[in-house]
Amino acid sequence: MTPMVEASGIHKSFGPTEVLRGIDLVVQPGEVCCIIGPSGSGKSTLLRCVNHLERIDAGRMRVDGKLIGYHEAGGKLHELRESEVSRQRRDIGMVFQRFNLFPHMTAAENVMEAPRTVLGTSRAAARKAAEELLDRVGLSARRDAYPGQLSGGQQQRVAIARALAMQPRLMLFDEPTSALDPELVGEVLDVMRGLAADGMTMLVVTHEMGFAREVGDSLVFMDDGVIVEEGAPRDVLSAPRHERTRSFLSKVL
């Protein structure tokens with residue numbers, strides 16, 4: 001089976017600071033992989049390298065068997081044009097900490113925008129699909145509301161529907177609940193549980209250990225730009241092998 005995500009020897013620096021120091025990671029189709037770790041460990045940078053929002057300095061990043069952001073010739077990587085990278089990103093949905101919705105568009109219009117502008121979907125077809133997706137995330141009654149009229153949890157669910165509108169094969173979640181009030185976290189996690197149950201491949205940077213234990217197929221603990229430990233979520237959370245993992249979990253569980 002071709003992995004959905006295959007990171008091999010990924011390095012990434014910002015100036016003199018090496019943020020990723022040789023990351024190897026494989027995520028199979030239909031798998032939910034949760035990434036945990038302290039702030040500054042490289043989790044979000046790794047996620048952004050998956051869809052080439054950040055350029056890697058060394059290594060290979062593949063999604064569904066295809067190099068992301070580059071083509072290889074003569075053993076060397078050559079960066080793709082931005083238009084080519086954009087085509088690759090169509091299959092990769094991403095949900096950020098902040099919702100990044102267009103404030104002048106309704107919930108439905110936010111979901112419709114990418115299919116209309118990128119795929120050339122007709123307005124009627126895009127509207128129908130948007131209404132179905134908003135119903136899927138429990139917001140059919142709020143489809144004509146503007147972001148400023150929605151709670152943080154509702155805005156994040158619109159953002160998830162917007163990502164799903166491009167019919168991605170892979171979903172990336174970068175701490176999707178970290179900007180939410182505690183009472184709104186559950187409604188977003190419920191949507192993510194539904195996606196996992198439907199077989200969506202998901203790479204999730206999260207602080208929600210209960211979600212990782214319940215929904216995750218694999219759990220990765222990162223620190224200082226490396227993967228310290230990985231395995232089944234229940235094993236890593238209940239009986240971590242490495243002292244650094246034990247120290248981190250003692251502070252968050």
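Keep in mind that what you see is a predicted model, and the values were worked out from it rather than measured. Sequence positions, counted from 1, serve as the residue numbers for this chain.
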Do you reckon [X] sits in the same ILVMFWY cluster as [Y], going by side-chain contacts under 4.5 Å, direct or chained?
X	Y	value
I35	V26	no
L172	V188	no
L203	V236	no
I92	F173	no
V204	F248	no

Can you confirm whether the side chains of [X] and [Y] place a donor and an acceptor under 3.5 Å from each other?
X	Y	answer
S13	E18	no
E84	H71	no
E31	S218	yes
S44	D174	yes

Taking all non-hydrogen atoms of both residues, which atom of [X] and which atom of [Y] are closest, and how far apart?
X	Y	value
S238	R213	OG-NH1, 3.2 Å
G153	L184	N-CD1, 3.7 Å
L150	Q155	O-NE2, 3.3 Å
G69	V85	CA-CG2, 4.1 Å
T106	E109	N-OE1, 2.9 Å
F221	T245	CD2-OG1, 3.3 Å

Short question: side chain of [X], backbone of [Y] - any donor-acceptor pair under 3.5 Å?
X	Y	result
S122	A125	yes
E208	G186	no
E131	K128	no
E229	H242	yes
S140	D135	no
N110	L101	no
T121	P115	yes
Q156	P176	yes
R21	D224	yes

Assess whether atom CZ of R90 is packed by more than 12 heavy atoms of other residues, nucleotides or ligands within 6.0 Å.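 Counting neighbours around CZ of R90, more than 12 heavy atoms of other residues, nucleotides or ligands fall under 6.0 Å, so yes.
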Just wondering, more than 12 heavy atoms not from E79 lying within 6.0 Å of its CD? yes
Could you measure the distance from the [atom1] atom of [X] to the [atom2] atom of [Y]? Nearest 0.5 Å is fine.
X	Y	atom1	atom2	value
I10	D57	CD1	CG	10.0 Å
R127	E132	CZ	CD	12.0 Å
M209	L249	CE	CG	6.0 Å
N51	I68	CG	CD1	8.0 Å
L80	L67	CG	CG	8.5 Å
Y146	F102	OH	CZ	14.5 Å

Verify side-chain contact (heavy atoms from CB on, under 4.5 Å) between C34 and M202, making sure each step is shown before the conclusion. CA-CA 8 Å; C34 295; M202 297 161 60; over 6 Å; no
Could you go through the side-chain contact (heavy atoms from CB on, under 4.5 Å) check for V63 and M4 one step at a time? CA-CA 5 Å; V63 172; M4 183 58 71; 4.2 Å; yes
May I ask you to decide whether E214 forms a salt bridge with R234, counting only side-chain N to carboxylate O separations under 4.0 Å?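 Salt bridge absent between E214 and R234.
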Can we say D223 and R246 salt-bridge, meaning some charged N sits less than 4.0 Å from an Asp/Glu carboxylate O? no
Contact check, side chains of [X] and [Y], non-hydrogen atoms, under 4.5 Å:
X	Y	result
M166	V118	yes
R60	E72	yes
D198	M200	no
P168	D91	no
V137	V158	no
R162	F99	no
M192	M171	no
L195	R136	yes

Assess whether salt bridge (Lys or Arg N to Asp or Glu O under 4.0 Å) is satisfied between E6 and R62, documenting all intermediate values. CA-CA 5 Å; E6 185 176 13; R62 291 181 171 85; 5.2 Å; no
List the steps, then state whether side-chain contact (heavy atoms from CB on, under 4.5 Å) holds for L20 with C49. CA-CA 10 Å; L20 299 178; C49 287; 4.0 Å; yes
Between Y70 and H52, ring centroids under 6.0 Å: yes
When you look at M94 and L53, which way does the side-chain contact (heavy atoms from CB on, under 4.5 Å) test go after all the steps? CA-CA 11 Å; M94 188 163 187; L53 285 177; 3.7 Å; yes
K12 charged N/C atom sitting above F14 aromatic ring, 6.0 Å / 45°: yes
